[in-house]
Amino acid sequence: MLRNLIAALILLTSSLCLTAPPHVWAADAPAAKKEKKKSRTQKKKESAKAKREAAKAKKAEAKAKKEAAKKAAAAQAAFEETEATSAVGKALKNMQFIGASRPVLTADYYVVVRSSSTCPHCVKLLPDVLAAYTEMQATGKVELIYESFDTTPEKAEEHLRKQGATFPAAMRAQMGNLPGAAPLLVPPPAAYIVDAEGNRLASGPLAPVLANWRKHTIEQ
């Protein structure tokens with residue numbers, strides 16, 4: 001009998017839950033609706049913000065490209081107007097270069113860095129090349145030129161752009177015409193140094209040549 005009483009109570013409880021007035025279930029409806037509206041509003045705000053940021057980034061990119069093109073045009077104009085008097089300067093003026101940077105045609109010394117984007121050791125040493133280039137520029141007498149062993153100028157330019165390189169660069173085929181160019185006895189990463197007339201002052205693996213560029217140029 002007790003068992004039957006318990007079963008009856010369970011059935012009664014279930015029946016009361018199923019037949020509860022609609023207002024009991026609808027009590028939370030306004031809050032849910034409000035929360036849903038708030039979520040939609042937040043999503044719209046985030047979407048609008050993302051669009052504004054994308055437009056801002058696009059505008060900044062267009063401005064950067066415009067400034068880069070202007071700077072490249074100025075560099076090319078200055079390059080063409082410069083009168084090259086040394087053997088190396090004259091050879092450089094007739095070369096084709098990668099990207100927008102152009103070498104100084106009136107430098108006293110030229111450091112040529114042989115490198116490639118497919119050479120892991122070359123890529124590892126590139127920060128050292130960038131640091132040395134900044135120091136060379138500060139002297140007003142030494143120019144650095146990157147000689148690329150990549151398969152195409154486009155590949156070389158993409159690599160240098162990603163690395164933040166600003167020094168002048170040319171392909172291997174072009175740099176072979178430079179007076180005093182060292183024979184390819186040492187594979188990249190390698191380097192050599194010549195004076196303005198093409199007299200070779202040093203050559204060998206990149207690291208030691210780069211470490212002693214002052215000794216072979218302004219300090220000699």
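This chain uses plain numbering: 1 for the first residue, then up along the sequence.
- Summarising the geometry, atom CZ belonging to Arg114 is positioned 5.5 Å from atom CG belonging to Leu184; distances are rounded to the nearest 0.5 Å.
- In this pair, Phe167 and Tyr146 present their aromatic rings parallel. The plane angle is below 30°, not in the 30 to 60° band.
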Exercise. Under the side-chain contact (heavy atoms from CB on, under 4.5 Å) criterion, do Leu201 and Val194 qualify, and how do the steps go?
Worked result: CA-CA 5 Å; Leu201 307 175; Val194 296; 5.8 Å; no
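- Remark: the backbone N or O of Thr166 is paired with a side-chain donor or acceptor of Ser101 at under 3.5 angstrom.
- When hydrophobic clusters are built by joining Ile, Leu, Val, Met, Phe, Trp and Tyr residues whose side-chain heavy atoms come closer than 4.5 Å, directly or via intermediates, Leu92 is not grouped with Met171.
- Side-chain contact between Lys155 and Thr118 is present, with at least one heavy-atom pair separated by less than 4.5 Å.
- Checking each of Val112, Asn199, Val111 against Ile193 for a side chain to side chain contact (heavy atoms under 4.5 Å, CB included) leaves exactly one that passes, namely Val111.
- Heavy-atom minimum distance, Leu125 versus Pro189: CD1-CG, 4.0 Å.
- Between Glu147 and Tyr192, some side-chain heavy-atom pair lies under the 4.5 Å cut-off.
- Linking ILVMFWY residues whenever their side-chain heavy atoms come closer than 4.5 Å, directly or via other members, places Val88 and Phe97 in the same cluster.
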For this session: Run the numbers on Met95 and Met175 for side-chain contact (heavy atoms from CB on, under 4.5 Å), then give the verdict.
Result: CA-CA 8 Å; Met95 289 187 191; Met175 293 301 291; 3.9 Å; yes
For this session: Determine, stepwise, if the pair Val209 / His216 fulfils side-chain contact (heavy atoms from CB on, under 4.5 Å).
Result: CA-CA 9 Å; Val209 173; His216 297 300; 5.5 Å; no
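- Considering CD of Glu197 and NZ of Lys90, their distance stands at 8.0 Å, rounded to 0.5 Å.
- Put simply, the side chain of Lys124 never gets that close to the backbone of Cys119: no donor and acceptor are under 3.5 Å apart.
- Between Trp213 and Glu219 the shortest side-chain heavy-atom distance does not fall below 4.5 Å.
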For this session: Start with the C-alpha gap between Arg40 and Lys36, add the side-chain angles, then the distance that decides, and say whether side-chain contact (heavy atoms from CB on, under 4.5 Å) holds.
Result: CA-CA 6 Å; Arg40 286 198 302 267; Lys36 189 174 182 181; 3.5 Å; yes
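- Without hydrogens or angle criteria, Asp195 side chain to Gly198 main chain gives a donor-acceptor distance under 3.5 Å.
- Contact record, Val123 with Ser117: CG2-O, 3.7 Å, taken as the closest heavy-atom pair.
- Of the possible donor and acceptor atoms, none in the side chain of Ser39 sits under 3.5 Å from a partner among the backbone N and O of Glu35.
- Under the 4.5 Å side-chain heavy-atom criterion for Ile, Leu, Val, Met, Phe, Trp and Tyr, Tyr133 and Tyr109 are members of the same hydrophobic cluster.
- At a threshold of 4.5 Å between side-chain heavy atoms, the hydrophobic network of Ile, Leu, Val, Met, Phe, Trp and Tyr places Leu144 and Phe149 in two separate groups.
- Of all non-hydrogen atoms in Ala196 and Ala107, the two that sit nearest each other are CB-O, 3.6 Å.
- A donor-acceptor distance shorter than 3.5 angstrom exists from the side chain of Thr134 to the backbone of Leu130, with no hydrogens or angles considered.
- The distance from the CG atom of Leu206 to the NE2 atom of His121 is 7.5 Å, given to the nearest 0.5 Å.
- Here the side chains of Thr106 and Glu83 are not in contact, with every heavy-atom distance at 4.5 Å or above.
- Smallest separation of non-hydrogen atoms from Ala91 and Pro179: CB-CD, 3.5 Å.
- Crowding of Lys141 atom NZ: a count of heavy atoms from other residues, nucleotides or ligands under 6.0 Å not exceeding 12.
- Between Thr217 and Asp108 there is no side-chain heavy-atom pair separated by less than 4.5 Å.
- One N or O on the side chain of Glu143 and one on the backbone of Val104 form a donor-acceptor pair closer than 3.5 Å.
- The CD atom of Gln174 lies 11.5 Å from the CD1 atom of Ile145; values are rounded to the nearest 0.5 Å.
- Contact annotation: the side chain of Glu158 approaches that of Arg161 to within less than 4.5 Å [non-hydrogen atoms, C-beta and beyond].
- Minimum interatomic distance between Asp150 and Ser116 (heavy atoms only, all atoms of both residues): OD1-OG, 3.1 Å.
- Counting only heavy atoms from C-beta outward, the side chains of Ser203 and Val186 never approach each other to under 4.5 Å.
- Looking at His159 and Leu126, their side chains come closer than 4.5 Å, going by heavy atoms from C-beta outward.
- The line from OG1 of Thr41 to NZ of Lys37 is 6.5 Å long, rounded to the nearest 0.5 Å.
- Shown here for Gln96 and Ala170, the closest heavy-atom pair between the two residues is O-CB, 3.8 Å.
- Between the Tyr110 side chain and the Leu105 main chain, a donor and an acceptor come within less than 3.5 Å of each other.
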